[in-house]
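Comments concern the structure below.
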Amino acid sequence: MRQLLLLIIVASLFACSNKPKVTKTELKSFKMVEIPVMLTTSAQRAAFLVNHYWDNFDFKDTSYLSLPEITEQALTGYLSILPEVDKQTANASLQSLIKCAEADTAMFSYFKKLTDKYLYNPNSPMRNEDYYLAVLDKLIDSPLTNDAQKSTLTFRRNLAMKNRVGDKAADFVYTLASGAQAKMYNLKADYTLLFFNNPGCHACEEIMEAMKSSQIIGNMLSENKLKVLAFYTDEDLAEWKRYQTTMSSFWINAYDKGTVLKERELYDLKAIPTLYLLDKQKNVLLKDAPFALVQQYLEQSQFSQ
């Protein structure tokens with residue numbers, strides 16, 4: 001009887017050992033906070049989420065570093081909520097996130113890379129200079145940021161602070177193919193669209209075609225309400241001149257003689273193409289904006305008149 005009992009126990013042990021083991025990592029997930037039921041308005045609920053989004057996340061648990069399907073999804077979800085709250089609340093929350101990430105050096109570095117990827121990278125659909133500036137301030141101030149990193153981040157911050165929306169855009173001299181020169185400030189129109197571009201740039205070509213086919217752009221150009229300054233900032237003038245046949249004759253097609261704009265870092269041109277929309281007084285209305293947003297702004301401006 002005793003031998004039979006032992007055989008049953010051994011058999012059951014072997015039977016259990018055939019089941020796949022579930023690792024600790026596989027059990028991980030991002031646990032969302034519960035919104036108190038007394039918060040009923042969308043504004044209240046959004047503010048609570050932004051302020052408490054990371055409450056259940058363990059910033060000391062470095063196993064999350066190898067789980068982008070959890071961490072990156074959590075971050076993109078968080079970033080999508082930020083526009084639902086005011087700027088001050090959003091910026092304070094972002095800085096709190098960076099402070100929480102200081103719990104572990106590797107985690108701090110990881111969230112620095114993630115915020116770079118989503119808020120700073122020119123190809124990110126979630127790119128947002130205001131949010132990234134809030135992150136930069138906290139990163140620069142952090143004891144986990146070394147001197148070399150602080151220098152790089154400070155450079156980025158200084159560049160981002162130039163030509164902000166509402167600021168007067170930096171003036172510069174442009175040169176035409178004929179050699180004639182003029183200042184950007186001397187352009188007379190209700191709006192000026194700065195189109196920083198390069199020959200052979202696929203994204204530039206896409207924007208060029210969109211601008212050429214845009215009814216609002218065409219109408220405002222013909223009515224002299226808009227000036228488009230297509231500006232080349234690099235040195236290969238031979239390539240730029242070959243490129244002129246693809247440009248609209250209704251635009252001002254010019255280049256930066258001596259690459260002054262680039263050398264003096266007058267504009268933040270981390271990516272090409274870059275579009276800036278200015279008003280009559282050359283104040284920045286839109287900075288580094290997608291063309292669709294520029295077109296929408298101009299359409300609304302004409303509709304409201």
Does the side chain of S222 pick up a donor-acceptor pair with the side chain of N219 at under 3.5 Å? no

Same apolar cluster (I L V M F W Y, side chains within < 4.5 Å links), L94/M161: yes

Between the side chains of K262 and D256, is the shortest nitrogen-to-carboxylate-oxygen separation below 4.0 Å, so that they form an ion pair? no

Closest approach of A254 and L229, non-hydrogen atoms and distance? CB-CD1, 4.1 Å

Trace of the side-chain hydrogen bond (donor to acceptor under 3.5 Å, both in side chains) decision for T246 with E205: CA-CA 9 Å; T246 65; E205 292 172 356; over 6 Å; no

Side-chain contact, heavy-atom cut-off 4.5 Å: K150 with S142? no

Are K280 and Y191 in a cation-pi setup, meaning NZ or CZ lies under 6.0 angstrom from the ring centre and within 45 degrees of the ring axis? no

Output, in order, the C-alpha distance, side-chain angles, deciding distance and verdict of side-chain hydrogen bond (donor to acceptor under 3.5 Å, both in side chains) for Y110 and T71. CA-CA 10 Å; Y110 182 69; T71 51; 2.6 Å; yes

Should the heavy atoms of other residues, nucleotides or ligands under 6.0 Å from CD of E223 be counted, would the total exceed 12? yes

Between N146 (side chain only) and A148 (backbone N and O only), is there a donor and an acceptor less than 3.5 Å apart? yes

Verdict with reasoning, D167 to N163, per side-chain hydrogen bond (donor to acceptor under 3.5 Å, both in side chains): CA-CA 6 Å; D167 291 351; N163 304 298; over 6 Å; no

May I ask you to decide if the ring planes of Y78 and W54 are parallel, tilted or perpendicular, using 30° and 60° as cut-offs? perpendicular

Greater than 12 external heavy atoms within 6.0 Å of F291's CZ: yes

Cation-pi check, K287 onto Y267 ring (under 6.0 Å, within 45° of axis): no

Hey, could you give me the CZ/CG distance between R127 and L79, rounded to the nearest 0.5 Å? 14.0 Å

For residues M107 and K60, determine if any side-chain heavy atom of one lies less than 4.5 Å from a side-chain heavy atom of the other. no

I'd like to check the salt bridge (charged side-chain N to carboxylate O under 4.0 Å, His left out) partners of K270; sequence neighbours left out, ordered by chain and number. D268

Does the side chain of S80 reach to within under 4.5 Å of the side chain of M126, using non-hydrogen atoms? yes

In Å, rounded to the nearest 0.5 Å, how long is the span from OG of S124 to CG of L119? 7.0 Å

Would N198 and D234 satisfy side-chain hydrogen bond (donor to acceptor under 3.5 Å, both in side chains), going step by step from the backbone distance to the final call? CA-CA 8 Å; N198 272 338; D234 285 329; 3.3 Å; yes

Pairwise distance CG(N158) to CZ(F155) - rounded to 0.5 angstrom: 8.5 Å

Does either side chain, that of Y132 or that of D116, offer a donor lying less than 3.5 Å from an acceptor on the other one? yes

Quick one: does T154's side chain have a donor or acceptor within less than 3.5 Å of a partner on S151's backbone? no

What's the separation between atom CG in L286 and atom CG in L194, rounded to the nearest 0.5 Å? 11.5 Å

In terms of relative ring orientation, are F59 and F111 parallel, tilted or perpendicular, with 30° and 60° separating the classes? tilted

Within the 4.5 Å heavy-atom criterion, are F196 and Y232 side-chain neighbours or not? no

Nearest heavy-atom contact between M32 and L49 is CE-CD2, 3.7 Å

With a 4.5 Å limit on heavy-atom distance, are the side chains of L226 and L193 in contact? yes

Give a yes or no answer on whether the side chain of T274 reaches the backbone of L269 with a donor-acceptor pair at less than 3.5 Å. no

Using a 4.5 Å cut-off on heavy atoms from C-beta on, say whether the side chain of V135 contacts that of Q95. no

Any non-hydrogen side-chain atom of L298 less than 4.5 Å from a side-chain atom of L277? yes

Using side-chain hydrogen bond (donor to acceptor under 3.5 Å, both in side chains) as the criterion, list what pairs up with Q44, not counting sequence neighbours. T41

Heavy atoms of other groups near K99 NZ, more than 12 under 6.0 Å: no

With sequence neighbours left out, the residues meeting side-chain hydrogen bond (donor to acceptor under 3.5 Å, both in side chains) with K282 are none

Between L139 and F108, what is the shortest heavy-atom contact and its length? CD2-CZ, 3.7 Å

Any cation-pi pair here, R156 with Y120, using under 6.0 Å and within 45°? yes

Backbone of A210 reached by a side-chain donor or acceptor of S214 within 3.5 Å: no

Step by step, would you call R45 with E84 a salt bridge (charged side-chain N to carboxylate O under 4.0 Å, His left out)? CA-CA 10 Å; R45 295 170 70 85; E84 304 300 320; over 6 Å; no

Does a sphere of radius 6.0 Å around NZ in K168 hold more than 12 heavy atoms from other residues, nucleotides or ligands, not counting ones at 6.0 Å or beyond? yes

What's the separation between atom CG in D130 and atom CG in N91, rounded to the nearest 0.5 Å? 7.0 Å

Quick check: do F231 and W251 have side-chain heavy atoms less than 4.5 Å from each other? no

Test M211 against S248 for side-chain contact (heavy atoms from CB on, under 4.5 Å), laying out the working first. CA-CA 9 Å; M211 288 169 62; S248 171; over 6 Å; no

Got more than 12 heavy atoms from elsewhere within 6.0 Å of NZ, K212? yes

Is the side chain of S213 donor-acceptor paired with the backbone N or O of E209 at a distance under 3.5 Å, no angle test? yes

What is the distance from atom CD of Q88 to atom CG of D86, rounded to the nearest 0.5 Å? 6.0 Å

Non-hydrogen atoms of Q149 and L144 that approach each other most closely: OE1-O, 4.0 Å

Exceeds 12 heavy-atom contacts within 6.0 angstrom, atom CD of Q73: no

